[in-house]
There are 2 protein chains.
Amino acid sequence: MDRYGHYFKALRESKGLTLREVERQTEVSNAYLSQLESGKVKQPSPNTLYKLAQFYKVSYQMLMEKVGYPVPKGDRPLQEQSVSNVAKNKLGEITNEEEVELLQYLKFIRNRKQ
Amino acid sequence: MDRYGHYFKALRESKGLTLREVERQTEVSNAYLSQLESGKVKQPSPNTLYKLAQFYKVSYQMLMEKVGYPVPKGDRPLQEQSVSNVAKNKLGEITNEEEVELLQYLKFIRNRKQ
DNA sequence: AAGCTTTGCTTGGTATTGCAAGCAATTTTT
DNA sequence: AAAAATTGCTTGCAATACCAAGCAAAGCTT
C-alpha cells in the first residue's frame, strides 16, 4: 500500500517543514499531504505531483514514475521528422495523394474562414 | 467542457474503428470511450491516456498536454507527432480545430473510395 | 419481414482524489 | 501554570474516473 509515502515524508522532513508550511506554498491541503505521506493515496494526480515537484525541487517525471504512471518512452532523440515519417506514425500509412488532398483542404478551410 | 473530445473521436474515425474495437485492443471500456469523445470526461488518467496514445500511435506527452496536465517544458519532444506536421513544413502552424477537421476529412476521403 | 448482431450511448454503481473541518497531543506564549 | 497556537492526523463529503449492464436504432442474415 505504501510504496512512496515515506519518500514524500522524508522529502519534507529533510527540509524541516511542517505539513501546513507545505500546504501554504503548494496549495495542497495538509490533510491530503498527510494521507500521501502515510501511504493512503494510490495515485495522486499529475497536477498535484507537479506542485510538489516544483516545491521540493525534484523531477516531475520522476514523481510520475514513482507513483506508477507510465512515462514517455525513453528520452532518446526522436527519429527523423520527415513529413511522411510523421504521417506514418500518426495516421498509419498515408498516401501522397491523401497528403495532397489534406493540404488542399487545409487551404480551403482557411480561406473559408474569412 | 469539451475541448479534446472531438479530437479522440476524429482519431478513431479516421481509422474507421468502432468503440468496441478500440475497447478490445486498449482495454478501455466503450462506455468510457464514448464519454471521452463526447466531452463528458475532464481529465482521463495518465494510464488511460497512455493506452490510447500507444494504440492511436500519437504522442503520450501530447495527450497529457491536451487534457490539461502539466508537461515539463524541457522534457517535451522537440516536435510533436501530429497531423499538423503533415502540413507544417509547407503551410506553417495549424490550430487544433484545423487538425480535427483534417482528421475528419481524411476519414471522408477514405470512405469515399468505396 | 422477422430475427440476430452491431452500433453508439446512457445509467447506476464503485473506487479514488482531494479538501474543510475538527480532534488530541505537543509546543509556545503570557 | 493556564491559555493560545501549532502539530500531525482522522473523518465526512463532493467531485470525478471508470466500468458492467442495458437500451434503442441501424445493419445483416435468413
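Below, read A as the first sequence line, B as the second, and so on, with proteins coming before strands; counting in each chain starts at 1. None of these values were measured; they are calculated from a predicted model.
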Collect all protein-nucleotide pairs involving nucleotides 20-25 of chain C in which both atoms are nitrogen or oxygen and the distance is under 3.5 Å.
unit_1: dG22(C); atom_1: O6; unit_2: R20(A); atom_2: NH2; d: 3.4

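By the side-chain contact (heavy atoms from CB on, under 4.5 Å) test, A31(B) pairs with S29(B), sequence neighbours left out. In this structure E13(A) satisfies the side-chain contact (heavy atoms from CB on, under 4.5 Å) test together with K9(A), sequence neighbours excluded. For Y50(A), the ring pair (Phe, Tyr, Trp, His ring centres under 6.0 Å) criterion is met by Y60(A), not counting sequence neighbours.
R24(B) places its CZ atom 16 Å from the C1' atom of dC19(D), with the value rounded to the nearest Å. The distance between atom CD of E37(B) and atom P of dC9(C), rounded to the nearest whole Å, is 7 Å. Rounded to a whole Å, the CG atom of L36(B) is 13 Å from the C1' atom of dT16(D). Per the geometry, NZ belonging to K42(A) stands 7 Å off P belonging to dT17(C), to the nearest Å.
With hydrogens and angles disregarded, a donor-acceptor distance shorter than 3.5 Å links the side chain of K15(A) to the backbone of Y56(A). Within the 3.5 Å criterion, the main-chain N or O of N30(B) finds no donor-acceptor partner in the side chain of S34(B). Within the 3.5 Å criterion, the main-chain N or O of V41(A) finds no donor-acceptor partner in the side chain of Y32(A).
One finds a salt bridge joining R12(B) and E37(B) here, because a Lys/Arg side-chain nitrogen approaches an Asp/Glu carboxylate oxygen to under 4.0 Å. The residues R24(B) and E21(B) are annotated as not salt-bridged, no charged nitrogen and carboxylate oxygen being separated by less than 4.0 angstrom.
Summary of the strand contacts: V28(B) and L19(A) both lie near DNA chain D, and taking for each the nucleotide with the nearest heavy atom, the more 5' one is attributed to L19(A).
Contact check of residues 44-56 of chain A against DNA chain D (heavy atom, cut-off under 4.0 Å) returns no residues at all.
The shortest distance between the side-chain N/O atoms of K9(B) and the OP1/OP2 oxygens of dC9(C) is below 4.0 Å.
Residue E21(A) is classed as having no contact, given no heavy-atom separation below 4.0 Å to the nucleic acid.
Results of the side chain to side chain contact (heavy atoms under 4.5 Å, CB included) test with V67(A) over L36(A), T48(A), L49(A) single out L49(A) as the only residue that passes.
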Pairs under 3.5 Å (Watson-Crick or G-U), crossing ones as [ ], inter-strand ones as |: DNA chain D comes out as ||||||||||||||||||||||||||||||
